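Accompanying notes for the structure given below.
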There are 2 protein chains.
Amino acid sequence: MARSASAMRGQILESALRLFAVHGFRGTSLQDIASDAGCSKASLLYHFAGKEKILTELLTPARDALATLLDRVAGLEGGRLVEETVTGYVDLTLRFRREIRLLFEDIAEMSCHQDLDVMELANGLLDALAGRSRRAPARVAAWMVLGAVFITSATDDEVAPDEVLRAEMIRSALRALDHTPS
Amino acid sequence: MARSASAMRGQILESALRLFAVHGFRGTSLQDIASDAGCSKASLLYHFAGKEKILTELLTPARDALATLLDRVAGLEGGRLVEETVTGYVDLTLRFRREIRLLFEDIAEMSCHQDLDVMELANGLLDALAGRSRRAPARVAAWMVLGAVFITSATDDEVAPDEVLRAEMIRSALRALDHTPS
DNA sequence: ACCATAACTGTCCGATCGGTCAGAACTGAC
DNA sequence: GTCAGTTCTGACCGATCGGACAGTTATGGT
C-alpha cells in the first residue's frame, strides 16, 4: 500500500462521513471506518490523532462557512440583514447536508428503534401540519414547523417565559405555514 | 433498603431522564444511573429488562400524547386542522421538554466539544436572524427558523427537488420571521 | 544500490460497557 | 419466630472500544 498521505486521509474522511451519517458518531467504531476505508485501525491513528479529530476535520468546513456568512452580514441591518442571513443559512445547510445529517442520526436511530415506532406518527403529524396537502410548498413548510417547534422547545435559552414562548411559537409556526387566521 | 418496587422504579426513571438529558442516552451508563438513583447497577436490571427499556418507558408517554393529538385532529380539515395541530403540537413539546432534550444532548455535547466552538457562532446566527432585536417575539422566531432549516436540510424525505426545497425553505423562514419583503 | 523517511500494520493494553447470577437482606402475613 | 416471596447486591463475564507501540514495508532523493 502506502499511497500518498493526502489520498488516504481523504478516503478516511469520506468513509467516516458516510458511516457517521448512518450510525452516528458514537455508533461508528474506528474499526468500522478502517474496514470501509480499506486500511487498518492503526493506520487511522497514524493519520489522525484520535477519533474526535476526524469529526473535527469533518465539521470544520461547515463551521468556517457559517463564520464567513456571519462576517458577510455583520455590516447589514433591517430587511437586508434578515434576507441575506436566511438565504445564506439555507444555502449553507443544503451544502453541508451530510454533515448535518451525521449530527442527527443518533436521534433517528433512537426514534426508529424499539417498540415505539415514532416515524409513522411523525408522518401523521407532518400530514396534519400540511393541512393534508401533498403539494411541495405545504410539505416543506410542514417539515420546517416540525423541526422548529421541536428544537425551540428543547432549548434552555430562557429566551422568554413559557406563556410568551408558547404564544410566539404558535404564531410563528402559523406564519411559516402561511396560515391565514380564521 | 428494599423500598417498594414502584418507588425505586420511579427514582430510577427520574435519574435516567435527568442524566440522559445532560449526557445523552449513549453517554450515560447504567452505573451512572444507579449511582444517581442510589442503588446498584444490578438493581436497575432487576426493575428494567435492559437499558433500552428504560428509554422506552421514558418516551412512551410523549409518544402516546402525540398519538392522542393525531386522533383528535383526524376528523378536522382546513384552517381548524392546522390551528389545532399546531397548538396541540406546541403544547406537547413544551410538556415533554426534558424528553425532547434528551434526544438532542448528543448533538449539543458534540457541538460544544472540541476546538470548534459552535455555540458562539450559533448565537451570532440567532442575532442576525432576529434582525439584531432583543425582543422575545423576534428571538423566538429566530430560534424557530434556526431549527427549522437545520432539520429540514437533514431530512432525506425527498419532499421536493433541491431548487424547490431551497426556495420554499427561504419563503417559509421569512414568513416565520414575519419579514415583509422589501 | 543505499538509506532516511513516510506510510502502514499486528498485537497488545486498560478501561468501560451492558448484562448475568447466586445468594444476601429485607418485608409482610401468619 | 417462621417462612415464602420480594427486593437488592457483589462479583463476575464476554464483548467492544479507543488508543499505544514496536516493528515492517514502501517511497523517493542521492
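On a predicted model such as this, the values are computed, not experimentally measured, just so you know.
- Within the nucleic acid shown, B:Ser43 comes within 4.0 Å of at least one base atom, counting heavy atoms only.
- Summarising the geometry of B:Val73 relative to A:Ala128, their closest heavy-atom pair is CG2-CB, 4.4 Å, with the distance given to 0.1 Å.
- End-to-end axis angle of the helix from C:dA1-D:dT30 to C:dC30-D:dG1, using five pairs per end and rounding to 10°, comes to 10°.
- When the C1' atom of D:dT7 is taken as reference, atom CD of B:Gln11 falls 16 Å away, rounded to whole Å.
- Atom C1' of nucleotide D:dC17 and atom CZ of A:Arg26 are separated by 13 Å, given to the nearest angstrom.
- Between the CG atom of A:Asp32 and the P atom of D:dC17 there is a distance of 6 Å, given to the nearest Å.
- Although no hydrogens or angles enter the test, the distance criterion places a donor-acceptor pair under 3.5 Å between the side chain of A:Arg175 and the main chain of B:Arg175.
- A:Phe25 has its CZ atom 8 Å from the P atom of D:dG18, to the nearest Å.
- Phosphate proximity of D:dC8 to B:Tyr46: absent, as no side-chain N or O sits under 4.0 Å from OP1 or OP2.
- Distance, B:Phe48 CZ to C:dG18 P: 15 Å, rounded to whole Å.
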Find every protein N or O atom lying less than 3.5 Å from an N or O atom of nucleotides 19-22 of chain D, and list the pairs.
from, atom 1, to, atom 2, distance (Å)
D:dG19, OP2, A:Lys51, N, 2.8
D:dG19, N7, A:Lys41, NZ, 3.4
D:dG19, O6, A:Lys41, NZ, 2.8

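- A search for side chain to side chain contact (heavy atoms under 4.5 Å, CB included) contacts involving A:Arg63 returns B:Leu116, B:Leu121, not counting sequence neighbours.
- Looking at A:Lys41, its side chain never comes within 3.5 Å of a backbone N or O of A:Ser29 through a donor-acceptor pair.
- Dense packing is recorded around CZ of A:Arg132, with more than 12 heavy atoms of other residues, nucleotides or ligands lying under 6.0 Å away.
- Summarising the geometry, the separation between CD on A:Gln31 and P on C:dT9 is reported as 11 Å, rounded to the nearest angstrom.
- A salt bridge is absent between A:Arg166 and A:Glu163; no separation between the charged side-chain nitrogens and carboxylate oxygens falls under 4.0 Å.
- Checking side-chain atoms of B:Ser153 against main-chain N and O of B:Phe150 turns up no donor-acceptor pair under 3.5 Å.
- Under 4.0 Å is where a charged nitrogen must lie from a carboxylate oxygen, and between A:Glu14 and A:Arg98 at least one such pair does.
- Going from atom CG of B:Leu44 over to atom P of C:dC17 covers 13 Å, rounded to whole Å.
- Within the structure, every side-chain polar atom (N or O) of B:His47 is placed at least 4.0 Å from both OP1 and OP2 of D:dT6.
- Put simply, the side chain of A:Ser172 never gets that close to the backbone of A:Met169: no donor and acceptor are under 3.5 Å apart.
- The residue B:Ser40 sits close to a base: some heavy atom pair falls under 4.0 Å.
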